[in-house]
Amino acid sequence: MKKFIETLKNCWKIEDLRQRLLITILFTAIYRFGSFVVLPGINPTLLEKLQAQTKGGLMSLLDMFSGGAFSHASIFALGIMPYISASIVLQILAVAVPYFQKMQREGESGHKKINWYTRVLTVVILLFQAPSYLLNLKVQAGGALASGIDWTTFMIPATIILAAGSMFILWLGERITDKGVGNGISLIIMIGIIARLPQALIQEFSNRVSAAIGGGIVMLIIEIIVLYAVVCAALLLVQGTRKIPVQYAKRVVGNKQYGGARQYIPLKLFAANVMPIIFAQALMFIPLAIVQYSSDNTSSVLQSLMNTKSLAYNCIYVFLIIVFTYFYTAITLNPTQMAEDMKRNNGFIPGVKPGKDTADYIDTVMSRLTGPGALFIAFIAIMPALAGYLNVADAFGQFFGGTSLLILVGVVIDTLQQIESHLMMRHYDGLLNSGHTRSNAGVAAY
């Protein structure tokens with residue numbers, strides 16, 4: 001603990017890092033404040049029906065990404081999800097459409113064009129998603145609208161406010177990336193998720209102590225130990241890589257020698273990250289949508305698919321995650337392009353011929369990594385359901401796995417690595433090692 005405090009003091013001594021940390025805290029505080037600002041004309045005390053509808057399915061996913069703003073009918077209710085959806089569409093287009101493929105290879109100018117298209121597509125998605133959210137709000141909590149206000153006249157200004165709120169969140173995320181610490185958009189999502197942890201932990205503690213759920217304090221301690229073990233496993237998943245050695249040919253120009261160095265291609269155990277879980281959850285929401293728009297009684301099959309703890313739901317859920325893991329890995333990693341770039345720079349994998357053989361070798365290694373990674377991530381995804389069988393409250397059980405856990409682990413690692421780089425540049429030990437300075441204690445090399 002003493003080393004950790006010393007490291008925090010070192011962070012405060014570095015002026016640039018101190019400013020970045022303060023900017024990050026300020027912008028995240030603005031985001032959290034906006035999450036509780038209710039849309040004009042909505043009575044916040046009459047939103048219980050909508051909040052009850054966000055306990056499962058895609059609604060719960062959207063509410064998690066928005067930090068609770070979705071269920072509170074906040075100006076930030078749509079969160080950052082429209083931008084994420086637009087980014088996924090552009091990634092797929094960059095693989096399938098030659099125009100976007102060429103744009104992606106243009107370097108910095110191409111990335112700027114892709115970012116512009118992503119923003120335009122985000123606005124288009126918002127113009128469709130905002131009215132859909134308001135219609136759902138009308139169905140689930142129509143009485144929440146203040147008296148004297150008509151839904152028809154309320155829709156247009158509310159749509160503009162929701163779209164502007166999401167774009168403002170995007171702007172906050174970009175400012176955090178440029179002037180703060182970490183990836184701003186990922187950090188905003190993480191803050192929204194972790195803001196729900198204290199309330200979930202208090203609720204679980206209250207349930208165990210009051211004997212509403214059996215086990216008492218002993219069971220709560222076991223839950224925390226299991227949660228710690230799952231987080232450690234997720235850390236291994238996120239950081240696990242397979243390094244492929246790449247040797248570059250030597251070139252002699254005059255009296256100088258260039259190249260000849262050996263480098264590595266780091267292939268992640270789970271390159272698709274949380275995207276397969278998001279896609280699978282979206283598809284598993286279809287039965288719930290069918291039930292909502294159907295007047296007939298639901299069949300037993302649909303009822304089992306609506307229950308996140310049922311065997312049928314989890315079997316299909318695991319299958320979809322595995323399929324989407326292979327699919328997303330295939331569209332994000334291009335072994336042929338990697339082999340061409342390697343050959344262009346006079347690089348080769350020892351023992352493998354350049355060109356097609358190199359592409360086949362990288363594809364084989366990636367396939368062998370994706371299989372265990374897909375099974376591992378599928379197991380983590382159903383951990384909340386397994387926790388539910390042990391009478392863990394749903395709010396606390398979400399932190400045992402799924403999208404929330406992977407996002408938390410990934411963002412925390414990325415942020416710590418950036419802070420680590422700032423400390424190492426000033427000859428300080430980082431957060432991941434120890435809190436003592438390497439040399440000249442108390443003096444920072446500004």
Side-chain angles (χ1 to χ4, degrees), residues 51-65 67-68 71 189-190 192-238 270 273-274 276-278 280-282 284-285 287-288 303-322 373-412:
Q51 294 175 9
Q53 292 293 325
T54 58
K55 291 183 179 180
L58 186 60
M59 297 296 184
S60 177
L61 179 67
L62 295 174
D63 195 48
M64 178 188 66
F65 280 135
S71 60
I189 296 174
M190 186 201 74
I193 295 172
I194 206 170
R196 306 172 66 183
L197 179 59
Q199 182 180 0
L201 186 59
I202 292 173
Q203 179 185 355
E204 183 68 14
F205 175 80
S206 176
N207 290 339
R208 294 295 182 185
V209 171
S210 63
I213 302 177
I217 299 297
V218 176
M219 191 62 188
L220 180 62
I221 295 174
I222 293 175
E223 290 174 6
I224 295 175
I225 294 174
V226 173
L227 179 61
Y228 175 78
V230 172
V231 171
C232 292
L235 283 169
L236 293 175
L237 173 67
V238 173
F270 188 62
N273 211 342
V274 299
I277 300 180
I278 294 175
Q281 284 179 326
M284 295 306 296
F285 178 68
L288 181 60
Q303 287 180 352
S304 63
L305 293 179
M306 289 173 57
N307 183 9
T308 58
K309 298 178 183 179
S310 68
L311 180 62
Y313 178 94
N314 285 282
C315 288
I316 298 176
Y317 189 33
V318 168
F319 173 76
L320 290 175
I321 289 174
I322 295 174
L375 294 175
F376 195 7
I377 202 66
F379 175 74
I380 289 182
I382 62 174
M383 277 294 293
L386 297 178
Y389 281 112
L390 299 176
N391 295 325
V392 179
D394 292 338
F396 187 60
Q398 289 182 354
F399 291 93
F400 279 82
T403 315
S404 57
L405 178 64
L406 291 176
I407 290 176
L408 287 176
V409 170
V411 176
V412 167

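Numbering of residues begins at 1 and proceeds along the displayed sequence.
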[Y] and [X], any side-chain heavy atoms less than 4.5 Å apart:
X: Phe379; Y: Val318; result: no
X: Val411; Y: Ile189; result: no
X: Cys232; Y: Tyr228; result: yes
X: Leu386; Y: Met383; result: yes

_Among Ile224, Val226, Leu220, exactly one meets side chain to side chain contact (heavy atoms under 4.5 Å, CB included) together with Ile222. Which residue is that?_
Val226
_For the CG atom of Leu405 and the CD1 atom of Ile193, what is their distance to the nearest 0.5 Å?_
9.5 Å
*Mind checking the CG-CD1 spacing from Leu375 to Ile380? Nearest 0.5 Å is all I need.*
11.5 Å
*Taking all heavy atoms of Ala195 and all of Pro198, pick out the closest pair and write down the distance.*
O-CD, 3.6 Å
_Shortest non-hydrogen contact from Ile321 toward Pro276_ = O-CB, 3.7 Å
